[in-house]
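Nothing here was measured: the structure is a model prediction, and the numbers come from that model. Throughout, numbering of the chain's residues begins at 1 and tracks the sequence.
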Amino acid sequence: MMRRRAGWLQAAAALGWSRGVSGQVGRDRGTPTARRTVVVAVVVVVAVSGCASLRRWWHNGWKVGPEYCPPEAPVAETWLDRNAPSLRTAEPDLWQWWTQLGDPVLDQLVQRVREQNIPLQIAAWRIAEARALRGIAAGNLFPQKQQALAAYSRNRASENAYPFNIFLDAFPFPLYYNNWIAGFDMAWELDLWGKVRRGIEAADASWQASIVDYNALLVSMQAEVAAAYVQLRTLQERLALARKHVELQQETLRLARDRFAAGVVSEIDVRQASAELAVLESAIPTLEEARRKVENALCFLLGSPPGSLRELLEQPAPPPTPPPELVVGIPADLLRRRPDVQKAEWLARAQCARIGVAEADFYPQLAITGAISVQAEEFANLFDGIHGVAGSIGPAFQWKILHYGRLKNAVRAQEARLQQALYNYQNAVLAANREAEDAIVAYLREQQRMRSLQQAVHEAERALQLGLKLYQAGVIDYQRVLDALRAVVAQQDALADSRGKVVLNLIAVYKALGGGWENAHSEESVPESSPSQESERLWPEPVAPQTETEPAPAPVPLARAKAS
């Protein structure tokens, strides 16, 4: 390897790549030589790098490093509960899944969270940042250094320094002089090995990763708002039941007092009824506290101060009713619908491009540099025709030879990061599959539990009615009535909680399926301008922009991500 690189270096020195071509402004006689130098340099470097490297470099569009291949997607073929009567595997319509619950207040809250949620605004600005960074990467395709310069200096030469200490007596040079200069210089490193283009690929993938990250957060925020709203309505229903139970117990206490006053029962019945009334009343403050906290959480999600939704939510209402059937599609749909899965793949794509950026440092760097300026001792002579013009132009050659393994290990580090990104993608797919399965089974089993609780409530209410009649007739004691009352309270509260959980689990299913981001629009969610440039519109829409190749996950071998 050292012999090979020494040969390259000798060839470079023989061709004169290390020297720039400079001269007077006018017709550049060194241009054909410089052009031939660049062509010969490319041929020599690529030829000695081997036929395989040449073919890969040519096949990749004059870019070193591996081309991205979609990683393996370990996803199940069907759902575990595919045979459930209320489950369908047709193509689901999830872009506005919350409208299937038929609650106008919920529709309004979801719309407001998309417009007002602060974490979504932060994510939108991350899109703007990623797009700006992509613009920086694309700018490196053009001359990397372009600057105008101007300077003035007042100088004094040392009488004791060479050569003035020798010739000053014979030739009286002026020790004090001015120097005026104005000009322009440029340096352009040619992207022969695709380092800049790989950097643009990485920036493109990072930009799109930020977009799907916004979509993932949007899915999460919509689900959180819907879940908080359902929790609020469930607490309102449970609170209404608690107050109803207090009223029922007050009637029971009145009955016990009347029978005690008539001498039919002992005082113990009155005391038991009073104790049970206090227990039921103690549940109300706990439910009111929980309701207030959920309402505050809704305000927070909507970027509003506590209490701002009181007028909208003050009127109690039952939880939304779920649709009779749940359409979930197939597990493979998660790969194209779940934004977090898409983000994991875009990050893998970006990391694959960074391998090419690191690998390009193995090869020589060719650049074209140039400068033109006017210089004079007196400002009046600064623009005195051709006499004050100075300039240079020519190719430059740079090659990192003695890197002591740093470049190779830099490539190895990027390859290791690619493997991490690929496994992160696989893990994201598995997590999405597991989350969807968990949500589906929770939804289906909670429906079964709710139906059993409905039967339990019916039987408990009938038992309480019979118990009150028998107690009033003196057939049974008060303990039987108290047990029946406690059963009604427990079963009715459990049923209300279960109805809410059914809807919550349905929301979890919609979230796990990744629905709700398809209708995102820049007019509603992405900042229209920079704080420092209010007149410019620079920001992207929060939907994946089209590039040459979109990620299309497919079951291909994982090792192909490093394909040559």
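- Residues satisfying the side-chain hydrogen bond (donor to acceptor under 3.5 Å, both in side chains) criterion with S158, sequence neighbours excluded, are absent altogether.
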Carefully, step by step, assess Y152 and N178 under the rule side-chain hydrogen bond (donor to acceptor under 3.5 Å, both in side chains).
CA-CA 7 Å; Y152 163 76; N178 298 325; 3.2 Å; yes
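- We find that R112 and E115 are not joined by a salt bridge, their nearest charged nitrogen and carboxylate oxygen being 4.0 Å or further apart.
- Between the side chains of E415 and Q419, not a single donor N or O lies within less than 3.5 Å of an accepting N or O.
- Put simply, the side chain of Q146 gets close to the backbone of P143: a donor and an acceptor are under 3.5 Å apart.
- Put simply, NZ on K343 and CG on L217 are 9.5 Å apart, with the number rounded to the nearest 0.5 Å.
- Look at R412 and E359 and you find no salt bridge, because none of the NZ, NE, NH1 or NH2 atoms lies under 4.0 Å from a carboxylate O.
- In this structure, the side chain of N179 does not engage the main chain of Q375 through any donor-acceptor pair within 3.5 Å.
- Between G516 and L218, the shortest heavy-atom contact is O-CD2, 4.0 Å.
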Working for side-chain contact (heavy atoms from CB on, under 4.5 Å), residues V64 and I355:
CA-CA 9 Å; V64 298; I355 296 177; over 6 Å; no
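- Here E201 does not pair with R349 in a salt bridge; the nearest charged N to carboxylate O distance is not below 4.0 Å.
- Legend: residues meeting side-chain contact (heavy atoms from CB on, under 4.5 Å) with A431, ordered by chain and number and at least two apart, are absent.
- Checking side-chain atoms of S206 against main-chain N and O of A202 turns up a donor-acceptor pair under 3.5 Å.
- Between the side chain of N424 and the main chain of Q420, a donor-acceptor pair closer than 3.5 Å is present.
- A distance of 7.5 Å separates CE of M221 from NZ of K511, quoted to the nearest 0.5 Å.
- Looking at W180, its side chain never comes within 3.5 Å of a backbone N or O of N381 through a donor-acceptor pair.
- Between A209 and L347, the closest heavy-atom pair is CB-CD2, 3.8 Å.
- Panel note: side chain Q222, backbone R114; no donor-acceptor pair is recorded below 3.5 Å.
- Side chain of D333 to backbone of I330: a donor-acceptor contact under 3.5 angstrom is found.
- Looking at R198 and E67, a side-chain N of the basic residue comes within less than 4.0 Å of a carboxylate O on the acidic one, giving a salt bridge.
- Considering NE2 of H387 and CG of L382, their distance stands at 14.0 Å, rounded to 0.5 Å.
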Given side-chain contact (heavy atoms from CB on, under 4.5 Å), test R126 with I122 step by step and report yes or no.
CA-CA 6 Å; R126 283 199 293 267; I122 296 173; 3.4 Å; yes
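- The closest side-chain heavy-atom distance from L302 to L309 is below 4.5 Å.
- Residue-environment remark: CD1 (I118) stays at or below the threshold of 12 foreign heavy atoms within 6.0 Å.
- L106 and A226 make their closest contact through CD1-CA, 3.6 Å (heavy atoms, listed as atom of the first residue, atom of the second, distance).
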Please evaluate residues V429 and L335 with respect to the criterion side-chain contact (heavy atoms from CB on, under 4.5 Å), reporting the C-alpha separation (whole Å), side-chain torsions for both, the decisive distance (0.1 Å), and the verdict.
CA-CA 7 Å; V429 173; L335 303 182; 3.6 Å; yes
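- In this structure, OG in S210 is found 12.5 Å from CZ in R134, a value given to the nearest 0.5 Å.
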Would you check, one step at a time, whether the test side-chain contact (heavy atoms from CB on, under 4.5 Å) holds for F397 with L366?
CA-CA 5 Å; F397 172 85; L366 298 178; 3.5 Å; yes
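- For F383, the side-chain contact (heavy atoms from CB on, under 4.5 Å) partners at least two apart in sequence or on another chain are V374.
- One finds the CG atom of L133 at 12.0 Å from the CG atom of D204 (value rounded to the nearest 0.5 Å).
- Under a cut-off of 6.0 angstrom, the local environment of CD in Q147 is crowded, with over 12 non-hydrogen atoms contributed by other residues, nucleotides or ligands.
- Although no hydrogens or angles enter the test, the distance criterion places no donor-acceptor pair under 3.5 Å between the side chain of N427 and the main chain of Y423.
- In this structure, CD on Q208 lies 12.0 Å from CZ on R131, to the nearest 0.5 angstrom.
- The list of salt bridge (charged side-chain N to carboxylate O under 4.0 Å, His left out) pairs with a residue in residues 416-434, not counting sequence neighbours, reads R434-D438.
- Nearest heavy-atom pair, N296 versus P306, reported as atom, atom and distance to 0.1 Å: OD1-CB, 3.6 Å.
- Identified under the salt bridge (charged side-chain N to carboxylate O under 4.0 Å, His left out) test for residues 181-196, with sequence neighbours left out: K145-D185, D191-R197, K195-D361.
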Does the side-chain hydrogen bond (donor to acceptor under 3.5 Å, both in side chains) test come out yes or no for Y68 and E345, once each step is laid out?
CA-CA 10 Å; Y68 176 79; E345 188 178 0; 2.9 Å; yes
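- Under the side-chain contact (heavy atoms from CB on, under 4.5 Å) criterion, L94 pairs with P92, W97, R337, Y510, L513, not counting sequence neighbours.
- Contact check for Q398 versus P364: no side-chain heavy atoms found under the 4.5 Å cut-off.
- Side-chain contact between L109 and L301 is absent, with no heavy-atom pair separated by less than 4.5 Å.
- Aromatic ring orientation, W193 versus W57: tilted (interplanar angle from 30° to 60°).
- Remark: side-chain polar atoms of Q144 are paired, donor with acceptor, to backbone N or O of N140 under 3.5 angstrom.
- The closest side-chain heavy-atom distance from S373 to F184 is not below 4.5 Å.
- Residues D213 and P339 form no side-chain contact, since every pair of their non-hydrogen atoms from C-beta on lies 4.5 Å or further apart.
- A heavy-atom distance below 4.5 Å is not found between the side chains of L334 and V341.
- Nearest heavy-atom pair, L422 versus P71, reported as atom, atom and distance to 0.1 Å: CD2-CB, 3.7 Å.
- Put simply, the side chain of Q351 gets close to the backbone of Q414: a donor and an acceptor are under 3.5 Å apart.
- Proximity of W517 to V212: side-chain heavy atoms (C-beta onward) are nowhere separated by under 4.5 Å.
- Side-chain atoms of Y229 and V105, non-hydrogen and from C-beta on, do get closer than 4.5 Å to each other.
- Y425 and A73 get closest at one heavy-atom pair: OH-CB, 3.9 Å.
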